[in-house]
S.K.: 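My questions will all concern the structure given below.
Residue numbers begin at 1 in each chain, while the letters A, B, ... track the order of the sequences. Only this structure's heavy atoms are used, side chains among them; waters, hydrogens and symmetry mates stay out. This is a predicted model, so every value here is computed, not measured.
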Number of protein chains: 2
Amino acid sequence: MSNLLTLTQPNRFADATHASDSAWRQQGSLWSNLRQVCELLTIQPPATADDEDTLFQHVRFKAGQRIHRIGQVFDTLYIVNSGFLKTVHIDEYGNEQVLSFPMKGDLLGIDGIHKQHYASEAIALSDCDMILVPYKTFTSLGRIHVELEQAMFSVMSREIVREQMMISMLSALSAEAKVARFLTNLGERFNQMGYSGRSFNLRMTRQEIGSYLGLTLETVSRTLSALNELGMISVEQREIKLIDPVALKTLRRLPPAKARIKVSEIVSEKVTEKVNALVNKNILPQWNKDMAVALN
Amino acid sequence: MSNLLTLTQPNRFADATHASDSAWRQQGSLWSNLRQVCELLTIQPPATADDEDTLFQHVRFKAGQRIHRIGQVFDTLYIVNSGFLKTVHIDEYGNEQVLSFPMKGDLLGIDGIHKQHYASEAIALSDCDMILVPYKTFTSLGRIHVELEQAMFSVMSREIVREQMMISMLSALSAEAKVARFLTNLGERFNQMGYSGRSFNLRMTRQEIGSYLGLTLETVSRTLSALNELGMISVEQREIKLIDPVALKTLRRLPPAKARIKVSEIVSEKVTEKVNALVNKNILPQWNKDMAVALN
DNA sequence: CGATGGATTGATCAAGCTCAAGGCACGTGG
DNA sequence: CCACGTGCCTTGAGCTTGATCAATCCATCG
């Protein structure tokens, strides 16, 4: 599966205005068959599939290039074969809101189906190898292979659930919890891709993380520093190591009054003085103090 | 084909205390045909549809009843024919997060497709008349009427876009802007349903609005009072009148540093003293002062 | 090497949360 | 019919989180 991306591609996307225009100029580029595409999406390939039947073209994008833009006519879905991206929504006043950080196996462009124009913008954060799935192909495949239609609904449903989780997280969690979860989520995704989920490099800026989490870049930076000093992670610029994933995952929202937490779950070791110091230095919020005190 | 859904439900709703009680007692209950269902969802009914071919059963729910719960096995989609509901996600610690307020024409349950278990909980806020769409029927219809499959993808895509908007709003807007938009959105939806979009009753508590918008109920209450005193709306308990929808819709986010706003767009009239008074009384946040001053 | 974009850190402050008290509407039972 | 309870809403006072503004640092790259 990994030999799929030996593609050397002239940069005909330099202008990038119309990604797909240039697509059919592709000659010696790579193609994937249906089975490979299904594996990428982690869905069952249909038993009826003929490996040579339908082929999907690969296209490479350089870091910084746009895969599609808001308002552009929709006709293609994209699957990430390698690389990292962000999708963003631009509000009425030009502010950029990061919606997701797609990586290997993720499907892009679904939001374009509704109005037949993309509702978001996808931008490569690193060099990327993307598989083109013309929407027409997508739908007709569903009709040919019955099991596939199921899987397609399932993938869209998964996206909806993902966004629901995002909404929950945005409106319920504290800054610390948001950042902590963001890191563990990233870790899990790296794991699934076969990389280390403990030690990885961020592909996005603090700014982008902040936008994604509904925080400012300063808060993201401060929180990373705090988690670092607490010994839950180690940060050095973009290089992240998750030292205490359990503590990270259970780091909770600043509790809404009533349901306060069993402190033992919060941090793995005694950290009273450390925590107090950080609270006093204004790196950690007040309530950590009580918890740390209650700890030992 | 014609009897795809002659369902007298087995014990899907095993828990007799809820919802379902009423469900199977309905014998002479209402049924809708495909054409009617399509109209409700505002999608094109397929030309090939035979009105008597496929029928969809209606089920009534009383205010407070659950339509489905988290984790329950998924096999049915619901379309709201009348009434008002909320969907919620319950986090690991029992906190309720409101995800949407479905009403006439909305489709519920899509989030169950992915794992074959509902990922959220739907609760009637008023008496509701719901149309059952067994998932099996749903998918087989897509195969029979080709145009329908399109429409089904489109509906799911619309939901994804809606949630993206929600995410943007949650992380970018101020409390005031959130509440203002919430009201205008509600108004627009009432309009589409043929009711007045200017004057309506809230079906949900301040608590639920707050959860939906990522605010506390107190903030929601205060903000409503503020918009009321500013003359943009009138509030009396659950009764809302939108007096200046334009001002409401353009009420902006607390600007993120750089891109500050053309003040003229904010409020429709001169309101300097009013605003100052409210700021001093701590009802409106500080920055309104500058805007009001800049106004005249 | 300087320039540039990103990251860190500090100091200050206000938006929105928490806690608390009281008010209003509606239903139920005496 | 009123008294009372309950659930929801409003308003106030004070405090914390996280935003803002600003200075500095660091890394990369032409």
S.K.: Taking the basic N atoms (NZ, or NE/NH1/NH2) and the acidic carboxylate oxygens, is any pair closer than 4.0 Å for B:R206 and B:E208?
M.R.: no
S.K.: Under 4.0 Å between a side-chain N or O of B:R206 and OP1 or OP2 of D:dT10?
M.R.: yes
S.K.: Within the 4.0 Å heavy-atom criterion, would you say B:L224 contacts the bases, only the backbone, or no part of the nucleic acid?
M.R.: nothing
S.K.: Whole angstroms only, please: what is the CG-P distance between B:L213 and C:dG16?
M.R.: 12 Å
S.K.: Kindly say if B:T216 contacts the phosphate of C:dC17, meaning a side-chain N or O under 4.0 Å from OP1 or OP2.
M.R.: yes
S.K.: Looking at B:K86 and B:E96, is there a salt bridge between them, counting it only when a charged N and a carboxylate O are closer than 4.0 Å?
M.R.: yes
S.K.: Using ring centroids (six-membered ring only for Trp), state whether A:F101 and A:F84 fall under 6.0 Å.
M.R.: no
S.K.: A:E236 CD to D:dC25 P: how many Å, rounded?
M.R.: 17 Å
S.K.: If I take atom CZ in residue B:R222 and atom P in nucleotide D:dG14, what distance separates them, rounded to the nearest angstrom?
M.R.: 13 Å
S.K.: Could you check how far CG of A:L217 sits from C1' of D:dT24, rounded to whole Å?
M.R.: 15 Å
S.K.: Could you tell me the separation between the CD atom of B:E176 and the P atom of C:dA14, rounded to a whole number of Å?
M.R.: 15 Å
S.K.: Output yes when B:R189 and B:D106 qualify as a salt bridge under the 4.0 Å nitrogen-oxygen rule, no when they do not.
M.R.: yes
S.K.: Determine the contact category for A:G214: base if any of its heavy atoms lies under 4.0 Å from a base atom, sugar-phosphate if only primed atoms, P, OP1 or OP2 are that close, otherwise nothing.
M.R.: sugar-phosphate
S.K.: Could you check A:Q237 against A:L215 and say which one's nearest nucleotide on DNA chain D is further toward the 5' end?
M.R.: A:L215
S.K.: Round to the nearest Å and state the distance from B:M204 atom CE to D:dC9 atom C1'.
M.R.: 16 Å
S.K.: Might you point out which heavy atoms bring A:S211 and A:V98 nearest each other, and give the distance in Å?
M.R.: OG-N, 2.8 Å
S.K.: Rounding to an integer number of Å, can you tell me how far A:E208 CD sits from C:dA7 P?
M.R.: 9 Å
S.K.: For D:dC9, take OP1 and OP2 only and decide whether either is under 4.0 Å from a side-chain N or O of B:R238.
M.R.: yes
S.K.: Any side-chain N or O of B:S225 under 4.0 Å from OP1/OP2 of D:dT11?
M.R.: yes
S.K.: For B:E218, answer base if it contacts any base atom (sugar-phosphate contacts may also be present), sugar-phosphate if it contacts only those atoms, and nothing otherwise; contact means non-hydrogen atoms under 4.0 Å.
M.R.: base
S.K.: Is any side-chain nitrogen or oxygen of A:S221 closer than 4.0 Å to OP1 or OP2 of C:dA7?
M.R.: no
S.K.: Please state how far atom CZ in A:R203 lies from atom C1' in C:dG6, giving the value in whole angstrom units.
M.R.: 17 Å
